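Positions are given from 1, in the same order as the sequence printed here. Just so it is clear, the model here is predicted, and its values are computed rather than measured.
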Amino acid sequence: MADLLLLGAGFSRNWGGWLATEAFEYLLGCPEVTSNPRLGELLWRHQPQGGFEAALAELQGEYSRNPRSCEAALMGLQAAVSGMFADMNGAFMESTQQTFQNCVEHTVGTFLTRFDAIFTLNQDVLLEHFYGNDNITLTGKKQWAGAQLPGMQRVPAQEPMHHDSWARSTWNPLPQEAFKVDPGCQPIFKLHGSSNWARADGSRLLIMGGQKAREIGQTPILNWYADEFEKSLSAQPSRLMVIGYGFRDDHINAVIGRASEQGLKLFVICPEGADVARRLNSTRERGAISASTPLEGILERSLIGASRRQLRDIFGGDTAEHNKVMRFFEA
């Protein structure tokens with residue numbers, strides 16, 4: 001049985017990371033936005049649905065058709081988003097609260113070592129700071145030789161005191177022929193890239209906006225990661241724990257859907273719990289004629305449990321909820 005983990009923004013939220021709605025509020029106050037009325041208008045227009053990524057997608061689409069018409073706005077919004085990640089990552093690296101209790105057996109870190117692979121949609125460096133740097137060979141039941149960002153090469157930070165920091169390093173893709181998971185290492189696949197990854201030309205390697213699937217297909221390392229995600233979920237029997245993902249990325253949902261038809265089992269940790277798919281279905285609003293969605297079908301077919309609690313509760317002393325979550329590994 002393969003035990004797999006998928007992380008979304010709600011995971012980082014437990015340590016102070018921003019959700020999409022909070023990212024919108026951050027961006028409104030950025031100089032790049034306050035000095036460009038069009039960016040403010042775009043953010044407000046897309047705030048009810050799609051958020052800042054929908055605003056970015058509109059600019060990306062316009063830029064592809066007529067670069068001169070919106071180059072300044074696009075560069076401005078991208079700079080504001082980069083600044084947001086810099087502020088969020090800086091806060092993570094200043095924080096000393098890695099665990100929510102002192103019992104090693106019940107820490108989030110020990111919990112993470114139980115998974116055969118970790119897939120994350122997050123582009124912050126929380127996982128690298130609190131988990132990737134640790135010697136995971138000393139915790140958990142699985143005998144890992146260490147953690148790994150497959151296919152990536154670390155360029156250490158210049159400061160001697162930060163030389164070993166995964167979070168403060170820059171990461172570059174290896175040549176395609178070197179894409180592999182090292183035996184004995186726990187792979188961490190950042191499916192949308194990361195705020196501290198760089199392409200060969202020095203530009204950031206992270207995917208945002210409305211053309212994620214296309215950009216992933218054009219980026220060798222992320223295309224390989226996408227293949228590994230599909231292959232891992234489709235290999236049965238498999239279980240997938242989903243933490244903090246709102247099921248709003250169609251290309252991710254499609255992979256989960258195909259795997260669910262082959263027997264994949266799901267456990268979801270998010271504020272909406274088992275209702276997460278129904279909350280996304282606009283036809284279930286009061287007074288509307290409801291129609292079930294494919295996502296609802298996926299959860300009804302595959303869900304083996306859910307938790308609406310925060311990780312600081314689950315791993316901070318709520319024994320009943322912790323026991324419910326850990327049943328995932330016995331299903």
For this session: Evaluate the side chain to side chain donor-acceptor pair (under 3.5 Å) criterion for residues Thr113 and Gln186: first the C-alpha distance (whole Å), next the side-chain angles of each, then the deciding distance (0.1 Å), finally the verdict.
Result: CA-CA 8 Å; Thr113 65; Gln186 183 186 39; over 6 Å; no
Problem set entry | Lys/Arg-Asp/Glu bridge criterion (N-O < 4.0 Å) met for Lys231, Glu228 | yes
Exercise. Between Glu321 and Lys324, does at least one N-O distance fall below 4.0 Å, as a salt bridge requires?
Worked result: yes
Starting at [atom1] of [X], measure out to [atom2] of [Y] and round the result to the nearest 0.5 Å.
| X | Y | atom1 | atom2 | answer |
| --- | --- | --- | --- | --- |
| Gln78 | Ser203 | CD | OG | 10.0 Å |
| Phe119 | Leu5 | CZ | CG | 9.5 Å |
| Leu222 | Asp227 | CG | CG | 11.0 Å |
| Gln123 | Met208 | CD | CE | 5.5 Å |
| Arg309 | His322 | CZ | NE2 | 13.5 Å |
| Leu206 | Asn122 | CG | CG | 12.0 Å |

Could you pull out the closest heavy-atom pair between [X] and [Y], with the gap in Å?
| X | Y | value |
| --- | --- | --- |
| Ser195 | Asn89 | OG-ND2, 2.9 Å |
| Tyr225 | Ile188 | OH-O, 4.2 Å |
| Leu191 | Ala226 | CD2-N, 4.4 Å |
| His129 | Ser95 | NE2-O, 4.1 Å |

Exercise. Does Leu264 share a hydrophobic cluster with Met1, counting links as ILVMFWY side-chain heavy atoms below 4.5 Å and allowing steps through other members?
Worked result: no
Problem set entry | Side-chain heavy atoms of Val181 within contact of Gln148, under 4.5 Å | yes
For this session: Report the C-alpha distance between Phe24 and Trp18 in whole Å, list the side-chain angles of each, state the deciding distance to 0.1 Å, and finish with yes or no for ring-ring contact (aromatic ring centres under 6.0 Å, His included).
Result: CA-CA 9 Å; Phe24 161 78; Trp18 291 313; over 10 Å; no
For this session: Tell me, please, whether Phe328 has Arg239 positioned over its six-membered ring: NZ or CZ under 6.0 Å from the ring centre and within 45 degrees of its axis?
Result: yes
For this session: Would you please classify the geometry between the Phe115 ring and the Phe111 ring as parallel, tilted or perpendicular, with 30° and 60° separating the classes?
Result: perpendicular
Problem set entry | Enclosure of Arg248 CZ (heavy-atom neighbours >12, cutoff 6.0 Å) | no
